Amino acid sequence: MRHFPVIHDHDGHPDDLISLAMLAMAKDRVLAATTLSPADCFLEPATDAVEKLLTLFGAHHVKFARDMNEGTHPFPDQYREDSNHAPHLPIFKDLRKTVHCSTDQTAPELLVDLLSGSERFDIVETGPLTNIAAALEQTPSIAKNINSLWVMGGAIHVDGNVSTEPSHDGSAEWNFYNHPIAAQRVLASGIPITVVSLDITNHLPVTARFVERLKDQRSFQLSRFTYEAQQIVLKNPHQNYYMWDILTVIGLLQPNLFQFKKECISIVTDGKSAGRSIPDPAGIEVTVPILIEQKAVEDFLLDFLKR
């Protein structure tokens, strides 16, 4: 099977950074670019962390750009503050950055530039779809060069995780709630999309048992980085923690760990259910992974992180 180069669009949370590190170190994939939006992060520390991460893993060829769009429903500061700690991980101590964010292009501009040529890409989206929606709005023809789009987002048959917003009914997942119109526009673009929703990520919490197994293999650089990044979020009392973004990357890298089905959904774009992903026979057809086996995924991940 042909492997296309990969673009990772994300929003700078430690889970996103682990996902970025995995893509940078994947042996059979080429990470071409990473783009950042300030949704579940604060922009400056997240930018610093991405630059250090790409330097640490020798990913000097990876293009990096960011945008300023925080979405129509910004993430709470108590979630975003995890990004303040990311640049100060022990593994980054004394690291001299050699990779830097582009100052000449915004994230949507970089996406348009990459996707306007003759090459096709797979895209992994582990944040809101603001950057991709903006790129498609600017140049709709780039959709033809997106071979596949893996999106962490949505809650189709389960409750959402937007529980801190008094004006919301809690039915939406945060990435879709952050910018519901962007989510709806991208899903309706005709791009082949796999939606990794809370329906499946709810089955993969970050457990103490997993973290202890990861701790035991910190002699591997990628394992150590993942362990240190997870310490940030496990200390945050404001949310339960699942492998939302990591599972999305695993879907791209090792799809045989999953079974898949087609599902038609619509996105509520406003009101008390904004961002909710509703099963809808007349909606947009996407692919969703199902029937995850937690131990198999954890075993794959621990083996993958030995690099």
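Bear in mind that the values here come from a model prediction, so they are computed numbers and not experimental data.
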Flag, side chain of [X] to backbone of [Y], donor-acceptor distance under 3.5 Å:
X: T55; Y: T98; value: yes
X: R120; Y: F4; value: no
X: D11; Y: D40; value: yes
X: S83; Y: G12; value: no
X: E109; Y: T106; value: yes
X: T248; Y: W244; value: yes
X: E51; Y: C101; value: yes

Check your understanding: Hey, mind stepping through Q217 and S223 against side chain to side chain donor-acceptor pair (under 3.5 Å) and telling me if it holds?
Key -> CA-CA 6 Å; Q217 59 184 57; S223 292; 2.9 Å; yes

Approximate separation, where rounding is to 0.5 Å, of [X] [atom1] and [Y] [atom2]:
X: Q221; Y: M25; atom1: CD; atom2: CE; value: 6.5 Å
X: F64; Y: Q105; atom1: CZ; atom2: CD; value: 13.0 Å
X: L111; Y: I132; atom1: CG; atom2: CD1; value: 6.5 Å
X: W150; Y: D245; atom1: CH2; atom2: CG; value: 14.0 Å
X: I290; Y: D199; atom1: CD1; atom2: CG; value: 10.5 Å
X: L115; Y: S141; atom1: CG; atom2: OG; value: 9.5 Å

**Asked** Is the NZ or CZ atom of R80 positioned over F75's six-membered ring, under 6.0 angstrom from the centre and within 45° of the axis?
**Response** no

| query | Is a salt bridge present between R218 and E228, judged by a nitrogen-to-oxygen distance below 4.0 Å? | reply | no

Are [X] and [Y] connected in the hydrophobic side-chain network, where two residues link if heavy atoms are under 4.5 Å apart?
X: V249; Y: F300; value: yes
X: F210; Y: Y242; value: yes
X: V288; Y: V268; value: no
X: L257; Y: I292; value: yes
X: I91; Y: L53; value: yes

Does either side chain, that of [X] or that of [Y], offer a donor lying less than 3.5 Å from an acceptor on the other one?
X: S266; Y: D280; answer: yes
X: H157; Y: E263; answer: yes
X: T287; Y: K262; answer: yes

Could you walk me through whether D169 and S171 pass side chain to side chain donor-acceptor pair (under 3.5 Å), step by step?
CA-CA 6 Å; D169 63 12; S171 62; 2.7 Å; yes

| task | Could you go through the side chain to side chain donor-acceptor pair (under 3.5 Å) check for N69 and T130 one step at a time? | result | CA-CA 7 Å; N69 192 340; T130 48; 5.2 Å; no

Taking only distance into account, with no hydrogens and no angle test, what donor-acceptor pairs under 3.5 Å do side-chain atoms of residues 41-49 form with protein atoms, sequence neighbours excluded?
from: E44; atom 1: OE1; to: R66; atom 2: NH1; distance (Å): 3.3
from: E44; atom 1: OE2; to: R66; atom 2: NH1; distance (Å): 3.1
from: E44; atom 1: OE2; to: R66; atom 2: NH2; distance (Å): 3.2
from: T47; atom 1: OG1; to: L43; atom 2: O; distance (Å): 2.7
from: T47; atom 1: OG1; to: R66; atom 2: NH1; distance (Å): 2.9
from: D48; atom 1: OD1; to: K97; atom 2: NZ; distance (Å): 2.9

Kindly give the heavy-atom pair with the smallest separation between [X] and [Y], and that separation in Å.
X: V162; Y: W174; answer: CA-NE1, 3.7 Å
X: H73; Y: A274; answer: CE1-CB, 4.0 Å
X: F92; Y: P87; answer: CD1-O, 3.6 Å
X: L187; Y: I193; answer: CA-CD1, 3.6 Å
X: N145; Y: S118; answer: OD1-O, 4.4 Å
X: P192; Y: N147; answer: CG-O, 3.5 Å

The single option from T201, N202, I200 that satisfies side-chain contact (heavy atoms from CB on, under 4.5 Å) with V158 is N202

- In terms of ring plane angle, is the pair F258 and F260 parallel, tilted or perpendicular, where the classes change at 30° and 60°? tilted

> Just wondering, are more than 12 heavy atoms of other shown residues or ligands nearer than 6.0 Å to CG in D159?
Replying inline: no

Margin query: Tell me whether K144 at atom NZ has more than 12 heavy atoms from other residues, nucleotides or ligands lying less than 6.0 Å away.
Written below: yes

Side-chain atoms of residues 30-37: list all donor-acceptor pairs with protein atoms under 3.5 Å, sequence neighbours left out, distances to 0.1 Å.
from: T34; atom 1: OG1; to: H8; atom 2: O; distance (Å): 3.1
from: T34; atom 1: OG1; to: H10; atom 2: NE2; distance (Å): 3.1
from: T35; atom 1: OG1; to: D9; atom 2: OD1; distance (Å): 2.6

